[in-house]
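Sequential numbering from 1 along the given sequence is applied to the chain's residues. Side chains included, hydrogens not; waters and symmetry mates left out as well; all remaining heavy atoms used. Ligands are counted one by one from 1 in listed order, and the atoms in each one are counted from 1 as well.
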Amino acid sequence: MEAHALEAVERLTTRPAEPYETITVDPVTPLIGAEVSGVDLSEELTPHQEKEIRHAFLAHHVLVFRDQDLTTEQHKRFAGLFGELHPVALPEEGSDPHVLEIRATKESRAVAGNGWHADGTADAEPSLGSLLHITTVPEGGSGGDTLFANMHLAYELLSPAMRTFLDGLTAVHDGALPWMGQPIPPEYDIPRNEHPVVVRHPDTGRKLLFVNGPYTSHITQLSRPESAALLDMLYSHIARTPLLQCRVRWQPRTLVFWDNRCVQHHAIWDYFPHSRYGRRVAVNGTRPQA
Ligand code: SIN
């Protein structure tokens, strides 16, 4: 690895240990993800527990809570500690407007999130994060894992010259792109917004790479072929650099809370024709800023 990449990794692996008192935090990798235990999310959290979970969230970006028996109201209450709930883009008739059902069955011909992406980046204010509670895992107990990738590191592992080049650029994110030619429901108010290619995390100020395959249409300052080649290189970097990534294996009643501002994720559909179910609640974010 080149010196700048080693430095980026070393900054994380030599961080002082975090002194948690109310929860236990076991990193999934030194660079992304942590399993959090010792807390029952169906109960109201104490201010100290809440503070420590916030700290772990900013440090690890993806938090995995096992064995959580949650009603929808408890799920929403926990999410609500982090901000207003983010409405589902196209809620099903009669469903809760803040709860997205994640459902794959033998009838499915596609599943949500089966490719690297961040959620809803075509919105003016993409969500802060998502909290997915899986209730049913595929028959046999394996399959349906989710991959997560750290976009701070994705940026920091690029060469200094590439980072400088990307720093001034902006990209258009288009909500029509994920439909890939399929008919778009008339009630969908298609979002389309321009965001910096490199943004700063609103809570930590740390830079990160903010483009993703399903939503980013093009880089504004480049010709279309230049933009396509650069975006391809960046997506390939994310997909082909395992040290950016962690993989979460779900069990029934696992809840994962990921930071949508600095993480991309990829749901793996390796269990057809078996079924997987869960519910996702998201929290409002702010406009990405360079
Ligand atoms: C998604 O939010 O993209 C789905 C994630 C998953 O099903 O694991």
Subject >> F257/F82 aromatic ring centres below 6.0 Å >> reply: yes
Original post:
Exactly which residues line ligand 1, taking a heavy atom under 4.0 Å from it as the test?
Top reply: I102, A112, G113, H117, L132, T146, W258, H265, A267, R276, R280
Subject >> Basic-acidic side-chain contact under 4.0 Å: D167, K207 >> reply: yes
Subject >> Chi angles and distances behind the side-chain hydrogen bond (donor to acceptor under 3.5 Å, both in side chains) call for H201, D259 >> reply: CA-CA 10 Å; H201 192 287; D259 191 334; 2.8 Å; yes
Original post:
Looking only at side chains, do E194 and T220 share a donor and an acceptor under 3.5 Å apart?
Top reply: yes
Original post:
Under 4.0 Å between a Lys/Arg side-chain N and an Asp/Glu carboxylate O for D96 and R279?
Top reply: no
Original post:
Are Y271 and D145 linked by a side-chain donor-acceptor pair shorter than 3.5 Å?
Top reply: no
